[in-house]
Amino acid sequence: MTGAERREQLLDIGRTLFAERGYEGTSVEEIAAKAGVSKPVVYEHFGGKEGLYAVVVDREMRQLLDMVTGALTAGHPRELLEQAAFALLDYIETFTDGFRILVRDSPVAQSTGTFASLISDIATQVEDILGLEFKARGFDPKLAPLYAQALVGMVALTGQWWVDTRKPKKAEVAAHLVNLAWHGLGNLEPKPRLIGHRKN
């Protein structure tokens with residue numbers, strides 16, 4: 001195995017173990033044993049468990065951010081909400097282990113890489129879109145950050161719940177999230193529907 005292949009193998013094994021057991025519940029010994037190598041090989045590639053964990057978290061954060069920002073293509077604000085909700089739910093469905101890692105607490109020594117900082121990064125992307133929409137509708141664009149945090153937080157926390165239940169189906173979860181975000185509690189549609197092209 002080349003050095004690059006070994007590094008990817010260790011990342012895959014670490015990702016699986018961190019998702020199953022968390023950072024504290026995973027040991028360098030276990031990672032090395034599953035890879036069929038000695039502990040020094042793990043230290044050589046990552047400097048230890050924290051270094052391996054940091055690379056895994058960074059990759060997952062980039063994957064999720066890319067999926068969310070890449071999904072935001074519509075012109076209509078309601079459809080943008082749908083796209084953002086689907087992007088997060090798609091990530092949870094496709095990269096379940098990665099999502100489990102992101103929602104766990106990061107090691108104390110790490111100041112970045114937490115789920116809260118990731119949500120904040122995504123909210124910043126949404127904030128720009130909301131700011132333009134607020135301005136166009138005569139609302140105070142200075143409130144866009146507050147609404148962006150609220151919307152992204154609502155979708156993210158629902159995602160944390162949905163990762164284990166997987167019911168109702170993804171499209172239904174997205175429809176209900178958008179229903180609440182778009183209509184507010186006072187104007188909920190009794191049977192929410194999606195207006196975009198995506199239906200699953």
Side-chain angles (χ1 to χ4, degrees), residues 1-72 83-126 149 152-170 173-174 177 200:
M1 207 178 266
T2 67
E5 290 169 336
R6 177 67 70 200
R7 181 177 169 83
E8 288 305 313
Q9 178 202 30
L10 292 170
L11 283 166
D12 288 344
I13 290 169
R15 184 178 182 272
T16 300
L17 290 173
F18 292 137
E20 288 173 8
R21 299 192 180 100
Y23 178 80
E24 293 302 327
T26 302
S27 69
V28 172
E29 292 83 358
E30 191 175 12
I31 294 165
K34 287 216 182 257
V37 298
S38 62
K39 284 180 5 182
V41 173
V42 178
Y43 288 106
E44 179 186 323
H45 283 278
F46 300 100
K49 180 173 75 166
E50 189 172 305
L52 174 61
Y53 182 83
V55 173
V56 168
V57 168
D58 182 62
R59 282 185 174 190
E60 293 303 325
M61 288 179 66
R62 264 189 282 125
Q63 178 68 45
L64 178 52
L65 275 172
D66 289 349
M67 286 179 76
V68 170
T69 56
L72 301 176
Q83 290 171 341
F86 266 121
L88 180 63
L89 295 172
D90 284 344
Y91 174 79
I92 291 167
E93 187 174 64
T94 307
F95 301 98
T96 303
D97 281 353
F99 185 74
R100 289 187 195 284
I101 291 166
L102 291 178
V103 298
R104 291 182 190 270
D105 290 335
S106 294
V108 177
Q110 223 174 327
S111 61
T112 60
T114 65
F115 190 57
S117 70
L118 176 67
I119 293 308
S120 185
D121 289 349
I122 294 171
T124 299
Q125 308 268 343
V126 173
Q149 290 289 334
V152 172
M154 177 180 71
V155 174
L157 286 175
T158 302
Q160 281 184 275
W161 164 79
W162 188 73
V163 73
D164 292 319
T165 63
R166 300 295 171 111
K167 290 179 184 175
K169 290 183 179 178
K170 181 171 49 176
V173 173
L177 283 167
N200 60 22

How close do [X] and [Y] get, counting heavy atoms only, and between which atoms?
X: Leu10; Y: Ala35; value: CD2-CB, 3.6 Å
X: Gln160; Y: Val163; value: O-CG1, 3.1 Å
X: Leu88; Y: Phe99; value: CD1-CE1, 4.3 Å
X: Met67; Y: Ala87; value: O-CB, 3.6 Å
X: Ala85; Y: Val155; value: CA-CG1, 4.1 Å
X: Ile92; Y: Gly159; value: CD1-CA, 3.4 Å

Gap between atom [atom2] of [Y] and atom [atom1] of [X] - 0.5 Å precision:
X: Arg21; Y: Thr16; atom1: CZ; atom2: OG1; result: 10.0 Å
X: Met154; Y: Ile119; atom1: CE; atom2: CD1; result: 12.0 Å
X: Thr96; Y: Tyr91; atom1: OG1; atom2: OH; result: 9.0 Å
X: Leu17; Y: Ile101; atom1: CG; atom2: CD1; result: 9.5 Å

Within a strict 4.5 Å, meaning less than it, do heavy atoms of the [X] and [Y] side chains meet?
X: Glu20; Y: Arg100; value: no
X: Asp90; Y: Lys170; value: yes
X: Ile122; Y: Leu64; value: yes
X: Phe18; Y: Val57; value: no
X: Phe46; Y: Leu11; value: yes

Inset, instruction - Assess whether atom NZ of Lys34 is packed by more than 12 heavy atoms of other residues, nucleotides or ligands within 6.0 Å. - result: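 Open: at most 12 neighbouring heavy atoms sit under 6.0 Å from NZ of Lys34.
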Inset, instruction - Assess whether atom CG of Asp164 is packed by more than 12 heavy atoms of other residues, nucleotides or ligands within 6.0 Å. - result: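 Yes - once you tally the heavy atoms of other residues, nucleotides and ligands closer than 6.0 Å, there are more than 12.
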Inset, instruction - State whether Tyr23 and Lys49 meet the cation-pi test: NZ (Lys) or CZ (Arg) under 6.0 Å from the six-membered ring centroid, and within 45° of the perpendicular axis. - result: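 Ring-cation test returns yes.
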Inset, instruction - Give a yes or no on whether the backbone of Lys169 and the side-chain of Trp162 come within a donor-acceptor separation of less than 3.5 Å. - result: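 Side chain of Trp162 to backbone of Lys169: no pair is present.
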Inset, instruction - State whether the side chain of Arg7 and the backbone N or O of His45 hold a donor-acceptor pair below 3.5 Å, judged by distance alone. - result: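 Flag set: sc Arg7 to bb His45 pair under 3.5 Å.
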Legend entry - side chain to side chain donor-acceptor pair (under 3.5 Å) partners for Glu8, two or more places apart: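 For Glu8 the side chain to side chain donor-acceptor pair (under 3.5 Å) partners, ignoring immediate neighbours, are Arg59.
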Legend entry - Note: Asp121-Arg62 ion pair, threshold 4.0 Å (strictly below):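 No, this pair does not count.
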